[in-house]
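So the structure is just underneath, and the comments pick up after that.
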Amino acid sequence: MATNVAENRRLLSAPQLPECDGPKLKAFPHKNSRITWIEWINQECAQYGSGGQGYVFKVEINSRIYALKVFKFFKPSTYRNTLGPIRGGNVTDLELGFQTDPFYAECRAYAQIEARRESQGLKRKDIADCYGFLALTKADEEVLGEYGIDLWDDIPADDVYRKTSKGSPVRALVKEYIGEDVDMDEKTRKRMLAGIKWMNRNGILTNDVRAENFKGGYLLDFGLSWTKPHCLWRNTSRYRMSAVLTVDLRMFEEMIDEMGLGIRRSPRLLYQ
Ligand SMILES: Nc1ncnc2c1ncn2[C@@H]1O[C@H](COP(=O)(O)OP(=O)(O)O)[C@@H](O)[C@H]1O
Ligand SMILES: [Mg+2]
């Protein structure tokens with residue numbers, strides 16, 4: 001049986017991803033440089049089964065410090081059920097995977113952020129940077145093994161996709177490393193909210209606004225994001241979409257309330 005491994009290898013050596021309509025993220029320019037693994041940042045949450053999509057490390061590449069998010073493997077058809085038989089008929093597994101696999105979802109969100117910043121001439125730093133994607137070498141995969149990380153553990157061992165894809169390259173994003181957390185004062189709250197509103201206005205729903213996805217006042221996790229054009233966005237009923245469109249702002253207000261900093265406002269539509 002032809003496996004998905006060769007296809008995944010081909011994809012990960014492409015100059016930009018994913019291969020579907022919409023924004024595409026470039027490969028990390030120093031993708032062939034050696035990675036020095038310094039520290040597993042989210043070790044505690046990952047070990048206690050927080051259900052995250054990745055493992056984040058502090059690394060050094062060419063004398064520069066980065067955060068490297070290594071992604072678990074993901075079955076492209078995972079969200080097929082949410083589409084239903086009629087709406088799902090015009091969405092291929094390939095498109096679904098490129099838009100819902102957390103690795104590709106982050107590629108699309110960061111590419112959109114970059115493109116919109118450029119077209120609007122923004123240098124504003126409400127959102128931390130992503131410098132591109134890379135595939136790990138076999139030696140780096142062994143480092144993960146030494147940490148006891150299994151990137152396949154979300155997919156059952158007898159699953160056909162897993163069987164035909166095992167051995168595919170391990171995907172990672174190179175991001176700006178945020179070392180320090182900040183006090184949640186009014187200035188930080190405003191900056192966080194401004195970042196979310198700007199993304200919403202620019203075709204990105206992040207769908208995961210929670211305290212643990214922020215560091216230093218930056219939202220860092222776009223694994224569940226929908227970036228336009230998106231097959232789920234396109235195929236969700238108008239009625240449900242009106243709730244979906246305000247999800248980031250509602251989650252932000254809930255988070256702020258839980259932190260005891262709440263100033264309630266009614267969420268408004270901020271989308272194009
Ligand atoms: N760029 C970064 N710099 C520093 N720490 C980070 C960075 N990105 C993520 N982290 C840390 O790693 C944790 C997990 O990252 P996240 O992207 O939320 O992964 P997951 O998809 O597994 O939830 C975050 O809660 C944060 O503490
Ligand atoms: Mg997270």
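Every number for a ligand or one of its atoms is a count from 1 in the order of the listing.
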Verify the ring-centre separation between Y110 and F222: is it less than 6.0 angstrom? yes
Proximal ligand 1 atoms for A67, defined as those under 4.0 Å from one of its heavy atoms: 1 (N), 2 (C), 3 (N)
For G52, take its heavy atoms, then give the atoms of ligand 1 lying under 4.0 Å from any of them. 20 (P), 22 (O), 23 (O)
Sidechain N-carboxylate O distance under 4.0 Å for K69, D221: yes
Option with minimal heavy-atom separation from [atom], where the choices are [options]:
atom: atom 17 (O) of ligand 1; options: R210, E39, K69, K58; answer: K69
atom: atom 1 (N) of ligand 1; options: E212, E106, E176; answer: E176
atom: atom 21 (O) of ligand 1; options: Q53, K215, E180; answer: Q53
atom: atom 18 (O) of ligand 1; options: L224, I41, D221; answer: D221

What about [X] and [Y], same hydrophobic cluster or not, with Ile/Leu/Val/Met/Phe/Trp/Tyr joined at side-chain heavy-atom distances under 4.5 Å?
X: I178; Y: M255; value: no
X: L151; Y: L136; value: yes
X: L232; Y: M241; value: yes

Between [X] and [Y], how do the two ring planes meet: parallel, tilted or perpendicular, split at 30° and 60°?
X: H30; Y: F28; value: perpendicular
X: F57; Y: W37; value: perpendicular
X: Y161; Y: W152; value: tilted

Check step by step if salt bridge (charged side-chain N to carboxylate O under 4.0 Å, His left out) holds for R250 and E253. CA-CA 5 Å; R250 280 185 281 121; E253 290 190 353; over 6 Å; no
Just the protein N/O/S atoms under 2.8 Å from the Mg ion (ligand 2), please, no waters. N213 OD1, D221 OD2
Could you tell me if any non-hydrogen atom of G223 lies under 4.0 Å from any atom of ligand 1? no
CZ of R210 to CG of L219, rounded to nearest 0.5 Å, is 10.0 Å
Any idea which part of V56 is under 4.0 Å from ligand 1, heavy-atom wise: side chain, backbone, both or neither? side chain
For N213, is at least one N or O under 3.5 Å away from an N or O on ligand 1? yes
